[in-house]
Protein chains: 2
Amino acid sequence: MADINQMNKTSPRAQKSLYLRKQDLRRGIELMFFAYRDFTGEADDILSRLGLGRAHHRVIYFVGRQPNMTVSDLLSILKITKQSLSRVLSHLVAEGYIHQEQGARDKRQRLLSLTDKGLVLEEKLTDVQCKRFASAFSACGGDAVAGFQDVLANLINEDERADLRKRYPDLFE
Amino acid sequence: MADINQMNKTSPRAQKSLYLRKQDLRRGIELMFFAYRDFTGEADDILSRLGLGRAHHRVIYFVGRQPNMTVSDLLSILKITKQSLSRVLSHLVAEGYIHQEQGARDKRQRLLSLTDKGLVLEEKLTDVQCKRFASAFSACGGDAVAGFQDVLANLINEDERADLRKRYPDLFE
DNA sequence: TATTATTGGTCAACATGGCTGACATAAATC
DNA sequence: GATTTATGTCAGCCATGTTGACCAATAATA
């Protein structure tokens, strides 16, 4: 596989679908890199001014999305160790962004939710990211958005996709 | 903006395009998070067994894509500090993944290219990521791929997009 | 030619956010 | 009563970003 691009040009019979050529797959890799970087950039700036990082953002985002979730829930979404999460979560609780209360059914559980302060920050962060998406979506139209969602969903590991489908039924339409 | 979803349901006159509702924008955020994590996961595993990280991957990838690029070129693509790059790049040179030679036009420049060892690793890493894209693209079809590319391109900062268009004319079709 | 700007390297220090391992505790469950 | 589960905590390591300071070689220019 010295040069698949070359192959595609010189050997019509080996021609793949237009979107499965090596150059198209590489474009996917590159677009993901650049888009993800800019997608997170603005929020990172806001966070850094507050002494917070991207890890804090993830916690705030997912707790905001699903109030009263447990630490376990969060761990299985973020797929990091509890020690890593603990550091970030403790900080957010200490700074008053996150409120935790004992679970009723299982008293060991800490049910996590955003405080008012946390909610304000969550809205601010989600807002800048949503604006970016709104702008991109508007520029591309509904069919492109559907394709975007479809491809991203299929980039997710299959088992993880099944888990997510259960947890967030509306994530995949 | 207590609850835009609620608003969309209860106030038909405030209804936005189907793909610009808050829930759709949030879906974009979430899909990006999960897809990016899994997109990088396999490569990260390969790299960690070699004592390398994602930062090394980026260098290997972009040097592989554009041999004989300079350190400056790489810095403006990766958008990290030269000190950060230096650490990673020195390591890759020491480990024999990257070859550097003095620039002919400007003797200060180090022109970077992959060694045979570097090329082997680059192909292995690119291959696992390309396979993921090939699988996702196949599952979704060409229209979805076009939409995917279109949306990602529009998520990139406008000025950056212009720069990229000059550097990699084929990145945006 | 002398000065300035560019390209790049280096050293030191620090922060974030992953990781592992070990151990503690309370509550639920078998 | 014993075991499993949910969670916390402490200690340390590693990768990868940051800033600031400073140096050297080369290129461009006044």
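Fair warning: this is a prediction, and the values are worked out from it, not measured in the lab. Protein chains get the first letters and strands the later ones, always in sequence-line order, with residue 1 at the start of each.
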Inset, instruction - Flag this pair as yes if the NZ/CZ of B/Arg132 is under 6.0 angstrom from the six-membered ring centre of B/Phe39 and inside a 45 degree cone about the axis; otherwise no. - result: no

Legend entry - Of B/Gln109 and A/Asp106, the one whose closest DNA chain C nucleotide lies more 5': B/Gln109

Inset, instruction - Round to the nearest Å and state the distance from A/Leu74 atom CG to D/dT7 atom C1'. - result: 13 Å

Inset, instruction - Whole angstrom is fine here: how far is it from CE in A/Met69 over to P in D/dA6? - result: 14 Å

Legend entry - Integer-rounded Å distance: D/dT18 C1' and B/Leu75 CG: 14 Å

Legend entry - Rounded distance in Å - CD1 (A/Ile80) to P (D/dT7): 14 Å

Inset, instruction - Take atom CG of B/Asp159 as the centre, draw a 6.0 Å sphere, and report whether it contains more than 12 heavy atoms from other residues, nucleotides or ligands. - result: yes

Inset, instruction - Identify whether any heavy atom of A/His56 sits under 4.0 Å from a base atom; if not, whether one sits that close to sugar-phosphate; answer base, sugar-phosphate or nothing. - result: sugar-phosphate

Legend entry - Distance test, side-chain N/O of A/Thr81 to OP1/OP2 of C/dC19, below 4.0 Å: yes

Inset, instruction - Look at B/Lys22 together with A/Asp170 and state whether they make a salt bridge at an N to O cut-off of under 4.0 Å. - result: no

Legend entry - Shortest side-chain distance from A/Val71, nucleotide among D/dT7, D/dA6, D/dA11: D/dT7

Inset, instruction - For D/dA15, take OP1 and OP2 only and decide whether either is under 4.0 Å from a side-chain N or O of B/Arg58. - result: no

Legend entry - Nearest-Å distance for atom pair CG/P, residues B/Leu111 and D/dT26: 14 Å

Legend entry - Ion pair check, B/Glu42 and B/Lys131, cut-off under 4.0 Å: no

Legend entry - Closest to the B/Gln83 side chain, choosing from C/dC19, D/dT9, C/dT10: C/dT10

Inset, instruction - Please report, rounded to the nearest Å, how far the P atom of C/dG18 is from the CG atom of A/Leu85. - result: 9 Å

Inset, instruction - Can you check whether any acceptor in the base of C/dG18 is under 3.5 Å from a donor in the side chain of A/Arg54, or vice versa? - result: no

Legend entry - Rounded interatomic separation in angstrom, taking CG from A/Asp44 and C1' from D/dT16: 14 Å

Inset, instruction - Just compare C/dG8, C/dC19, D/dA6 and give me whichever is closest to any side-chain atom of A/Ser72. - result: D/dA6

Inset, instruction - Mind checking A/Lys82 for me? I need base, sugar-phosphate or nothing, with any heavy atom below 4.0 Å counting as a touch. - result: base

Inset, instruction - Could you label the plane-to-plane angle of the A/Phe33 and B/Phe62 rings as parallel, tilted or perpendicular, counting under 30° as parallel and over 60° as perpendicular? - result: tilted

Legend entry - Residue whose nearest DNA chain D nucleotide is more 5′ - A/Gln100 or A/Arg87: A/Gln100

Inset, instruction - Starting at atom CG of A/Leu47, determine the distance to atom P of C/dA15, rounded to an integer number of angstrom. - result: 18 Å

Inset, instruction - Output the single nucleotide from C/dT10, C/dG18, D/dT9 whose closest atom is nearest the side chain of A/Ala55. - result: C/dG18

Legend entry - Side chain of B/Ser84 (C-beta onward), nearest among C/dA28, C/dC11, D/dG17: D/dG17

Legend entry - Pair A/Asp24 + A/Arg27, salt bridge at N-O below 4.0 Å: yes

Legend entry - Closest-nucleotide 5' rank along DNA chain C - winner of A/Gly51 and A/Lys107: A/Gly51

